[in-house]
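Hydrogens, waters and symmetry mates play no part in the numbers below; they use all other heavy atoms, side chains included. Just so it is clear, the model here is predicted, and its values are computed rather than measured. Start at 1 and go down the list; that is how both ligands and their atoms are numbered.
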Amino acid sequence: MSAHLAPLNPAQRAAATAPAPVLVLAGAGSGKTETLIRRVADIILNGEPPDRLLCITFTAKAAGEMRSRLAALLGPERTPRWVGTFHAIMARLLIEDGAGVPGLPRGFAILGQGDARELLMQAAGIQDRKEASLLQEAVSLLKNGLVTDPRRLPRSSALSRFEPEVLAQAAAVLPAYRSALAGRQALDFDDLIALPVAAMQADPALAAHWSARWTEILVDEYQDTNHAQHALVRLLAGTPGRVFAVGDDLQAIYGWRGADVAHIRRFGKDYRAAPPALKLETNYRSTPTILRAANAIAAEDPEALPKILRPADPKAPPGPSITIREAPTAEDEGRGVLNWVQALRRKQPELPWRKCAVLVRASFVAEPILAALRQTDVPVRLVTDREPEPPKEVLAAIAWLRLAMSRSRGGKAGAHVWEPAADDAFRRACAFPARGIGGALFGRLREHATKQSLALAAAVATLTATPTERQGLEAVLGVAGEIADGVSRQTLGPAGALRLAAEASEIVERLGLDGKLGYAWAAALRTAEQAGSVVAYCDGAALGAIPGEAEPADAVQVLTLHRAKGLEFDHVLLAGLEEGVWPNWQAEQQGAIAEERRLFYVGVTRARHSLQLSWVRQRRDWAGKPSRFLAEVPKALTETGTAYWQAKGSGSTSRTAAGRPARPVKPPSQAETDQLVAEFTARKAAKTLR
Ligand code: ATP
Ligand code: MG
């Protein structure tokens, strides 16, 4: 047994070594991600080249975490390159090996949500941004649902969110939108998955070619795959299925975006060779009190497969009770959160800020909280559903560096060779700073490069062009060459190399030192610094792993729940637990209460040591009612907090609203836990029989 498997428990180890196809279906904090990571490490230690493994996860943050945990286990040389989100992985595959995809332009651009919306607005002839956002969501669902015939829409809860007219409009505008994208030689995010899936379905040889790149595909958070992602994994995994998937149906929270929890339930049908789903039952994350609350919330889910979280150490102390906090206004909730983190630090001065997290259902709940924290010196980082894209100046500087690093001395007599993997970087470098290289010239270059099977940069030498055109293109390559020479002559690290790229390309003059741009530039340099090597940095950049916002080294994390999945924090506060906010006001009529509850379950299970649940009586101009989910947490586990927005002093002793010290929480006995398990199983069995 390799050293990487030793820390796992027997069930985890069995999962980590089971031959694919395998599904691990287990509760929060049971070590699914840990098992997946150690499986990867073990396979690599047994001689598999790291590039032969593909690890897919859902958010950029989770991918970053996976990469750094693998690097810690294996060292940077043996860390697999193919670790990322579905979108990032496919973007890279299309860039590096997209020649077999019909209609895929060389050096294609990937449009961010904003640019894609502009294009959609033009195609649909609409001006209203709100209307456009809704239409964009519907178009995205159609693409992710791989809908080819809009008259036959699949029945899905995500689609039923929309008025029939909006769906009809989305279906009608799709062809015009597609040709607008093609005209720009661009893909939107959804195309990154839908396009390769369609190409593989049409061309089995392409599917076989791509599938052969990897010996195994490992997917975290499998419960949240949508139709296109599910199809993609199946195509890449081949038959009988080289796939290792882990997930938890109770944490399915992307139904509104077209994810379908049915995929996890039908794993055995998709991969006939798979054994029944493997289970992990021991939770290594949370206190017994938090686990009891989580089990109780889970038991309310009418459809969840039976699963109970048990503490790894049956003798572990129960941990602090769960405090329910009530604030008169949202501003008070903000002050309350500030008091809460400050009290935690007073009690434990060594506690890093980043181990405290505030989770919110929607970003507007975070605003007053951020406002309160930002008035002090408490560092804070906000992570919302929309990852901000770095400004174009920063993206261009990165592109210049990537282009420069794609040059090597592999040609005849040591001549320079440019690699096609940086085609997109070449396109960006040509466009910024502007050198008058127009779309027509670029189109000709693209055509010529495709005919000659060359990288765009390499095709410049033999392109038929006017002297001015040639001068423009060669100037780009000249600057890229200077950057490459500078990096190797001065043996620069990634941050130095990025700075040089910005200077040589004259982007630096536009960056400034202050304001938003200066801030983004400082963030990019900091990220570069952490990358280890210039090559690793460029690799990460190609995978889209460049945060658009500075990540302070240590800060209180304020996250929307969809970004918090898979993560854990010592102390967690769930804010805005009011009817209409959480559950969201539309959830009832859209039949999405169960998904809102699963979000609550995800939130609760992020906490390791302590959990606070907060709600507001008057948010803006609506009177708040406590969320129904608060009542699903067993009373025996909770206490009512003090007026925490006013709290001064230690804040560590909880008092009830009446000012008496809170009664201590009774530790759940083994018998009680067993009883809960029995009740839960009986309830599930009764439901299954019905
Ligand atoms: P989620 O469903 O929230 O994604 P998960 O099942 O992926 O959770 P992990 O994040 O892998 O759970 O593990 C939870 C915590 O337990 C981590 O801190 C991990 O390091 C720890 N852990 C997992 N397995 C073990 C083990 N065998 N021994 C000790 N700690 C473990
Ligand atoms: Mg996980």
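Close approach to G27 involves these atoms of ligand 1, each under 4.0 Å from a residue heavy atom: 6 (O). Residue N9 approaches ligand 1 through these ligand atoms, each under 4.0 Å from one of its heavy atoms: 27 (N). Close approach of ligand 1 to P7 (heavy-atom distance below 4.0 Å) involves ligand atoms 26 (C), 27 (N), 28 (N). Proximity to E34 (heavy-atom distance under 4.0 Å) selects the following atoms of ligand 1: 11 (O), 19 (C), 20 (O), 23 (C), 24 (N). Heavy-atom proximity to R606, at under 4.0 Å, picks out these atoms of ligand 1: 3 (O). Every atom of ligand 1 is numbered from 1 in the order shown, and the set under 4.0 Å from a heavy atom of G566 is 4 (O). Counting atoms of ligand 1 from 1 in the listed order, those under 4.0 Å from a heavy atom of K32 are 1 (P), 2 (O), 5 (P), 6 (O), 7 (O), 8 (O), 11 (O), 12 (O).
Residue, atom and distance of the protein heavy atom nearest to atom 21 (C) of ligand 1 are Y284 CB, 3.7 Å. Nearest protein neighbour of atom 18 (O) of ligand 1, counting heavy atoms only, is E568 OE2, 2.5 Å. Here the heavy atom of the protein found nearest to atom 27 (N) of ligand 1 is Q12 OE1, 2.8 Å. Protein heavy atom at the shortest distance from atom 9 (P) of ligand 1 is G31 CA, 3.7 Å. From the protein, the heavy atom lying nearest to atom 8 (O) of ligand 1 is G29 N, 2.9 Å.
R242 forms no cation-pi arrangement with W214, by the criterion of a distance under 6.0 Å to the ring centre and an angle within 45° of the ring axis.
Every heavy atom of K565 sits 4.0 Å or more from the atoms of ligand 1.
The side-chain heavy atoms of L93 and P196, taken from C-beta on, include no pair separated by under 4.5 Å.
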Just do the salt bridge (Lys or Arg N to Asp or Glu O under 4.0 Å) check on R597 and D301 with the steps written out, would you?
CA-CA 8 Å; R597 180 181 292 105; D301 188 320; 5.8 Å; no

Hey, mind stepping through S627 and F600 against side-chain contact (heavy atoms from CB on, under 4.5 Å) and telling me if it holds? CA-CA 10 Å; S627 165; F600 185 52; over 6 Å; no

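Checking side-chain atoms of R325 against main-chain N and O of G641 turns up no donor-acceptor pair under 3.5 Å.
The distance from the CG atom of L359 to the CG atom of L613 is 10.5 Å, given to the nearest 0.5 Å.
Here's the thing with L8: none of its N/O atoms is less than 3.5 angstrom from an N/O atom of ligand 1. Considering backbone and side-chain atoms together, R285 places an N or O closer than 3.5 Å to an N or O of ligand 1.
E34 has a carboxylate O that lies under 4.0 Å from a charged side-chain N of R38, or vice versa, which qualifies the two as a salt bridge. With respect to the salt-bridge test (charged N to carboxylate O, under 4.0 angstrom), the residues R628 and E588 qualify.
Between F86 and F58, the angle of the ring planes goes over 60°, which puts this pair in the perpendicular group of the 30/60° scheme. Ring geometry for Y222 versus F267: interplanar angle over 60°, hence perpendicular rather than tilted (30 to 60°).
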